[in-house]
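Counting starts at 1 for both ligands and their atoms, in listed order.
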Amino acid sequence: MVPYEIRRSRRARYIRLTVGRHNHALLSVPWRCAFVEALEFLRSQGDWLARNLSEHPTRTSLRDYLERHPRLHALGKTLRLSQGFTRTKPFYVYSLENDEVELRISAEGEQEANLVALVRGFAREVIEQRTFALAESVGAKIKRVSVRDQATRWGSCSSSGTISLNWRLVLLRPNLQDHVIYHELAHVKEMNHSSSFWNLLREYDPDTDAHNDQLNPAGARLMPLGRS
Ligand SMILES: [Zn+2]
């Protein structure tokens, strides 16, 4: 078995097989092509796939990661994740009472890109909310929270009071996620990594030292996800 993706196209007249950018089989099929027919075609192309798919798989997609770890972390909780498709506008719904989040992505277009966009939208909402709540709890004055797609950093804090956080924080378990937010909130009062900064951060998060040690390995695992 190989990872595959089926894209329906209104213009395609016949089934076309290429290698997708996650080293997967990408089938472009006519709009009305039956699913079984597409799979049958894929099965008949074993030799072609063996020749053309790289033996060295590329890095993990967000979709693969969430299939293995079906949960997102938000507002101090771990939410069980379920996924589906929609024929209308993509959306998410979550319940903090039931510890659930559901994502519905568009069935058309590239699914990895659709999924990343939706998880980023969810992250923007919940991380902003969490950051303002924690800022209030420790009495840190912030102006704005920006949730972005940083390549290597979990977060940063500007002297103007804007806190920037990585959307992948929703992939970090709640106490680690809060630790990152506390780290940036501590910078509101201490714009450096002096011992008074670390002491302040330990007041906000008593497990600071353990959490700080866990961030690098978590970053190595999570930072490559959802990168185009
Ligand atoms: Zn820092």
Problem set entry | Pair E128 + R130: basic N to acidic O under 4.0 Å |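 Salt bridge between E128 and R130, a charged N being under 4.0 Å from a carboxylate O: no.
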Problem set entry | Under-4.0 Å salt bridge between D99 and R71 |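 No, D99 and R71 are not salt-bridged.
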Problem set entry | Neighbouring protein N, O or S atoms of the Zn ion (ligand 1) [cut-off: under 2.8 Å, no waters] |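 Sorted hits: H183 NE2, H187 NE2, H193 NE2.
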Exercise. Between atom CZ of F122 and atom CG of L81, what is the distance when rounded to the nearest 0.5 Å?
Worked result: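 Going from the CZ atom of F122 to the CG atom of L81 covers 9.0 Å.
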Exercise. Quick one: does NZ or CZ of R8 land under 6.0 Å from the six-membered ring centre of W31, within 45 degrees of the ring axis?
Worked result: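 No, R8 does not sit over the ring of W31.
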Problem set entry | pair H73-L79: side-chain heavy atoms closer than 4.5 Å | no
Exercise. Sub-3.5 Å donor-acceptor pair from the side chain of R87 to the main-chain atoms of A107, do we have one?
Worked result: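 It does not hold such a pair.
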